[in-house]
Visitor: 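Here it is: the structure, laid out below.
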Amino acid sequence: MDAKGKVFKYGENVDTDVIIPARYLNTSDPDHLAAHCMVDLDPSFVERVKPGDIIVAGRNFGCGSSREHAPVAIKAAGVSCVIAPSFARIFYRNSINMGLPILECAEAAEGIEDGDEVEVDFSSGMIHNITKDETYKAQAFPEFIQKIIASNGLIGYITK
Amino acid sequence: MGMTMTQKILAAHAGLDEVKAGQLIEAELDMVMGNDVTTPPAIDVFRKSGRDKVYDRKKVALVPSHFTPNKDIKSAEQALRLRAFAEEQDLFYRFEQGKETMGIEHVVLPENGMIMPGDTLIGADSHTCTDGALGAFSTGVGSTDLGCAMATGKAWFKVPGALKFHLTGELKDPCTGKDLILYIISKIGVDGALYRSMEYSGPGVKTLSMADRMTVCNMAIEAGGKNGIFPVDDITLEYIKRVAPERYEAGDFTIYEADEDAEYDEVYEIDLSEIPLMVAFPHLPENGRAVGTFDPIEIDQVVIGSCTNGRIDDMRLAARFLKGRKVASHVRCIIIPGSQRVWNQCLKEGLFDIFTAAEAVISAPTCGPCLGGHMGVLAAGERCVSTTNRNFVGRMGHQTAEIYLAGPPVAASSAIMGRVAGPDELPEL
Ligand code: SF4
């Protein structure tokens, strides 16, 4: 299993401004960004999140500006994976490039509830909801994307 | 199952026989582009890659065009970093002010013969989709992508699905590609093409000039699209023969066509003869309305230029309506040729005589006011008719300023009338 944790569930169109507000963009230090992650949507997120936890959300996650800080903040907060029916195009790119795994799966986004325990296998795309004992299938990452994620992002991948 | 034109280009660049929508692939790039804003962070990324040299000195284009000629010390330093890197890497293409090759990135790349049909390219700028007009796959990315692509010559993509726009008929004079794309965005909305290609086809294509096609592809991003793309026809071939004679003669390009059984999420039938002159109201490009269907709106400024409408065709159209007339006394009409080549051509054709006689002001090629940079920033409450592509809140200056997007005929007519107006409202000469 590549990711395992408790789910934080959010709605549709979670934009990059709530993921990391522009007022915190005077630095690109991941720890500093992580300390304010999701603050305008869920102020207690940062206190509650534990390493490995998973975000599940509605469609068009990450819409808005093209700031690379958004996936950096989520990743540095300890989140191991984001699952949604769809992601905004540039957020999708930036997440993979920053080494944050994100999976598109409408069934999982529908079936999984806040607080569920979930595990994910990136090579097969299988998402297992331990709490409800349900399984959902997302498209698996091809090998090179798995390598980018394993290398902690595009930079690590191309320096290998 | 068949592939769309975009999918075929991507499959070929990924070394695959077939790709389908949603698939993740890694593709070879024929060109990688950055500008004065996005290149400095990409240079930092490139340094971290541990490479000394870019993957191909002929395939990396760094174009300073946003805040140039430098508007302040910060922008001067950004442009300097770009210039120093281009020098260090001995890049083949240079874009220094005053040289024929310089201008707004999306105007100069095709104009300098740097894009050929069938190419795949990325640019760290959302309007990189402009080059789809040449039958290439071209899309915007972030600075990390740019930095890594400068090092490796590769980028990963999620293969897009597509919307098909089947064009028939012919645009009525003086409507242009700008009216067509504003019309399309008013129908499908600013996320109507999210993730997807906007592919154009049908007998109407041959009635559109290269300039029209570039304007249409330029604004694919304003519909949320990943790219816009036109089929390659005689008009495309004539164009590349003119701008890239050597590569044309050498057959250094590939023509891709969508398969008959390619799958589209949606097919739109558009009769070009029914497209009216359009204006997109503040503050979204989807707020398009036909000229003549709204009450008079007083304006303070007109901007004619940008990567959307800064080509010689646009300058000629503006001149056609400004000729022998004068800009309204309370209006500033700012004309910005999109490249040095366009600027020189305007001079040669006597267009500048027409503009100055009309009391318009002529700028050096730059993005300038399009992104609220310089050369025409708006004060609180001011209204501007602009041939640019975005009318978001604060895009051109103060948050309470208003931008009305239109093509050159409406922009020029509005400058004369002092209000948002079409050419048929102009007084007889
Ligand atoms: S003209 Fe405007 S839209 Fe085009 S590249 Fe420059 S700033 Fe961007």
Side-chain angles (χ1 to χ4, degrees), chain A residues 12-13 15-16 22 25 28 59-72 84-106 122-123 125 137-149 151-160, chain B residues 14-16 19-27 37-38 41-42 44-51 54-55 122 124-126 128-129 139-161 190-191 193-197 220-221 223-227 392:
Chain A
E12 295 180 348
N13 299 311
D15 66 69
T16 52
L25 296 185
S28 46
R59 68 184 174 87
N60 204 23
F61 188 91
C63 59
S65 93
S66 64
R67 63 188 68 152
E68 291 182 346
H69 306 73
V72 169
S86 65
F87 293 88
R89 188 180 92 71
I90 298 184
F91 180 86
Y92 190 92
R93 282 202 84 76
N94 290 345
S95 296
I96 304 279
N97 288 345
M98 299 297 133
L100 172 70
I102 59 178
L103 289 178
E104 286 184 328
C105 183
F122 298 138
S123 56
K137 174 110 179 68
Q139 198 189 2
F141 286 131
E143 213 184 311
F144 78 91
I145 296 276
Q146 288 187 50
K147 280 193 196 150
I148 294 177
I149 288 165
S151 319
N152 211 15
L154 193 58
I155 276 281
Y157 172 66
I158 69 161
T159 48
K160 281 264 154 84
Chain B
L16 300 169
V19 295
K20 43 185 200 317
Q23 188 177 342
L24 291 162
I25 57 152
E26 200 172 22
V37 174
T38 55
D44 296 336
V45 171
F46 176 81
R47 299 284 185 225
K48 283 190 210 152
S49 78
R51 319 270 167 123
V54 298
Y55 82 109
I122 59 169
D125 187 293
S126 56
T128 306
C129 47
T139 194
V141 297
S143 287
T144 298
D145 282 301
L146 170 62
C148 292
M150 289 199 297
T152 63
K154 285 189 209 163
W156 65 271
F157 298 105
K158 187 164 174 201
V159 176
V190 290
D191 64 351
L194 193 65
Y195 268 151
R196 293 171 291 187
S197 306
I221 184 72
K226 180 164 192 146
N227 68 314
F392 299 155

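In what follows, every chain begins at residue 1, and chains take the letters A, B, ... in the order their sequences are listed.
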Visitor: Parallel, tilted or perpendicular: which one describes the rings of A:F61 and A:F87, with boundaries at 30° and 60°?
Guide: perpendicular
Visitor: Give a yes or no on this: more than 12 heavy atoms of other residues, nucleotides or ligands lie within 6.0 Å of atom NZ of A:K137.
Guide: yes
Visitor: Do the rings of A:F122 and A:F141 sit parallel, tilted or perpendicular, given the 30° and 60° boundaries?
Guide: tilted
Visitor: Assess, by modelled atom type and distance only, whether the side chains of B:N227 and B:S197 contain a donor and an acceptor separated by less than 3.5 Å.
Guide: yes
Visitor: Non-hydrogen atoms of chain B under 4.5 Å away: do they reach the side chain of A:Y157, the backbone, both or neither?
Guide: side chain
Visitor: Between B:L194, B:D145, B:V45, which residue shows the highest count of heavy-atom pairs closer than 4.5 Å to chain A?
Guide: B:D145
Visitor: Check whether B:K158 gets within reach of chain A through its side chain, its backbone, both or neither, counting any heavy atom under 4.5 Å.
Guide: side chain
Visitor: With a 4.5 Å cut-off on heavy-atom pairs, point out which of B:G140, B:P41, B:A151, B:G50 contacts chain A the most.
Guide: B:G140
Visitor: Answer with side chain, backbone, both or neither: which region of B:F46 has an atom nearer than 4.5 Å to a non-hydrogen atom of chain A?
Guide: neither
Visitor: Can you list everything that forms a side chain to side chain contact (heavy atoms under 4.5 Å, CB included) with A:T159? Sequence neighbours excluded, please.
Guide: B:S49
Visitor: Need one label for A:I145: side chain, backbone, both or neither, based on atoms under 4.5 Å from any heavy atom in chain B.
Guide: side chain
Visitor: Output the option from B:G22, B:G147, B:A155 having the highest count of non-hydrogen pairs under 4.5 Å with chain A.
Guide: B:G22
Visitor: Going by heavy atoms in the side chains, are B:Y55 and B:T152 under 4.5 Å from each other?
Guide: no
